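Whatever order the structure lists ligands and atoms in, that order sets their numbers, starting from 1. Computed from a prediction, not measured in an experiment: that's the story for all the values here.
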Amino acid sequence: MATASQLLKSYQPSFSLPPLPVIPETNPSACVLDSFRTAIAQLLSESLGLPIEKAYDGVDYGKKGEDFTVALPRFRLPGKVDEIAKKVIDKFTPNEYIESVVHDKAFLHFRLNTNNMIRAVLTQVYELTHVVPKSAGREDGLYGQNSVGEGKKVIIEYSSPNIAKSFHVGHLRSTIIGAFLANLYKTCGWDVVSMNYLGDWGTQFGMIASGYEKYGNQEALEADAIKHLFDVYVQVNKDAEADPEVKANAAAWFKRMEDGDPAALENWKVWRSMSIKKYEDEYERLNVSFDVYTGESEVGKESIDKALERLDEMGLIEESNGAKLINLEKWKLGKAVVRKKDGTSIYLTRDIGGAIERYEKYKFDKMIYVVSSQQDLHLAQFFKVLELMEFPWAKDLLHINYGLVQGMSTRKGTVVFLNQIINEAASVMHEQMKANEEKYSAVEDPETTSREIGITGVKIQDMAAKRINNYTFNWERMLSFEGDTGPYLQYAHVRLESLKRKNPHLLPLAEPKDLKLELLASPHTPNQAREIAFLLGSYPDVVKTALKTHEPSGVVTFAFRLAHAISSAWDAVVVKSLGEDEKDKASARLFLYFCARDVLGSALKLLTIRPLERM
Ligand code: ARG
């Protein structure tokens, strides 16, 4: 099957405009606004004697309804800004790309040729969503994708909960943001290996193993492994408070595990695989998946030993009470224990050994760890150690962090497990839907629908602001249909879907070249239609920016802008009530809404959300 990158390269839109110079790193066949920007750059370059690449870099999206804006001072040209602006204006004549240029103080505002912009954008959205993938036997839409990562491999590690401990909001955020990043990198042509690095090793497993002898129960384990192991862990921790023997016992047990004693590992293996199975179901509900389940237990002793030897040779290891420390004070990263007195490994060393093994196995070009900012020091320490060990790939490691979440609880109390979060989101949403009896009775599968909307609410709340911000978990707010929420986005999508059912007389629509898309411009159609088309055109740039910032919030903001534009068009740009003699206009409008649905759907999918067709 052809890759998305190959398809994007060979795609020629069926609607074309006059040829333009080619600017590196632009790709008009994946983002048609690139060609409009190039036309602006060409004008600037010719009128001001600038290199065209430099001119291109100065063309920004406009604010307040302008298409593109250029801040003239950034070119650092000699002379007064008014004179510079005049040179551009004098040179300009309206053309296939640009309708008008307006000079305003230090700025030039450009308005694109409306008919051509609308036709070029919508044709591209349609062809890259429906025609090109279909011809290659693919199901995914290609609009918004690009090939900047072609031939490169990235490992993205996320979620990484600890078996037998609680799944806290930190893990939820890692899961949501990590799954988004995995989609984003794929969308940008990278070969992505998504990885779940389970906390499946460490002294706590000595605790559980010894506690299991007393509190373990096969039936309870099979019913819900995650919960049972957690219960055992809680019990044995209580025992340990009263009796120091318990801890010593647990440590001895873990030492046997580390030494590879098969008897000590037998139960642990079962627990691990049962926990993964349970997690897989829950991730599925969240529309999240992993290519690889690995864990702290899988880091080989040899790689850890080798790493420690090398650090020792480099004079970075100190002994203290029989334990080994690495001194990173020179880099303001403190001192960290790398080996305990009894010789067992710890979290930090497992991460060091793990990264080395992953490089050997995958030869990645980049590796991303999606971990809470509470572990900033830990990540900085182990990245520094790998750098000191002079691994050339150490510079390719990236920590994507995020802030804290306060106040997540269910109505029954504190959240301990992932399924509690999913169930609470579903049930709060379900009750909300039931409140509107009439609508509720029309929903085909209220269980699934409310769960999907509930999960959408959780995800959108989580991704709406910059990652590093803390936020307070608020079920009411995130699950409301009003305001900028997940349910509102699903509603916008469902509304667009409903146009298909409401307008059978217009279907199937003709191919875009046979549609009278000029009827989408004024005076035939209010300006909202143009606004929607331009927004759709900007989507490939939204994706590219997200790849640079690793922020899902840019995509969320885009989805809201689009949903707002659609909702303000809804009463002005009508489809159904147009008369029989206005069928061409109705068809063009319907086509616009379908394109909007496709792009909103793609943005939601990129955000790991399953767009709904009905609700
Ligand atoms: N299991 C860890 C925790 O819950 C997170 C793992 C993060 N990844 C890593 N490579 N250290 O705190």
inquiry  = Quick test of your reading of the model: are D281 and K277 salt-bridged, counting only N-O distances below 4.0 Å?
reply    = no

ask   = Do F290 and Y197 pass the ring-ring contact (aromatic ring centres under 6.0 Å, His included) test, and can you show the C-alpha distance, the side-chain angles, and the key distance before you say yes or no?
value = CA-CA 10 Å; F290 294 92; Y197 180 67; over 10 Å; no

inquiry  = Return the closest protein heavy atom for atom 6 (C) of ligand 1 as residue, atom name and distance.
reply    = Y347 OH, 3.3 Å

ask   = Where does H171 meet ligand 1, judged by heavy-atom distances below 4.0 Å: at the side chain, the backbone, both, or neither?
value = side chain

query = Do any N/O atoms on R358 end up under 3.5 angstrom from N/O atoms on ligand 1?
reply = no

query = Which of the numbered atoms in ligand 1 are below 4.0 angstrom from a heavy atom of V371?
reply = 7 (C), 8 (N)

task = Name the closest protein heavy atom to atom 12 (O) of ligand 1, giving the residue it belongs to and the distance to 0.1 Å.
result = Q375 NE2, 2.8 Å

Charged N-O contact under 4.0 Å between K412 and E424 = no

inquiry  = Using a 4.0 Å cut-off to any heavy atom of Y197, which atoms of ligand 1 qualify?
reply    = 8 (N), 9 (C), 10 (N)

key: Identity and separation of the nearest protein heavy atom to atom 8 (N) of ligand 1   = E157 OE2, 2.7 Å

key: No-hydrogen, no-angle side-chain donor-acceptor test under 3.5 Å, Y158 and H171   = no

query = Taking the six-membered ring for Trp, are Y369 and F383 parallel (under 30°), tilted (30 to 60°) or perpendicular (over 60°)?
reply = tilted

Residues F391, Y359; criterion ring-ring contact (aromatic ring centres under 6.0 Å, His included); working and verdict = CA-CA 10 Å; F391 289 110; Y359 186 76; 8.2 Å; no

ask   = What are the two closest non-hydrogen atoms of D224 and K278, and how far apart are they?
value = OD1-CE, 3.2 Å

ask   = Looking only at N/O atoms, are N162 and ligand 1 under 3.5 Å apart anywhere?
value = yes

task = Starting from atom 10 (N) of ligand 1, find the nearest protein heavy-atom neighbour and note its residue, name and distance.
result = D351 OD1, 2.8 Å

task = For Y369, take its heavy atoms, then give the atoms of ligand 1 lying under 4.0 Å from any of them.
result = 10 (N)

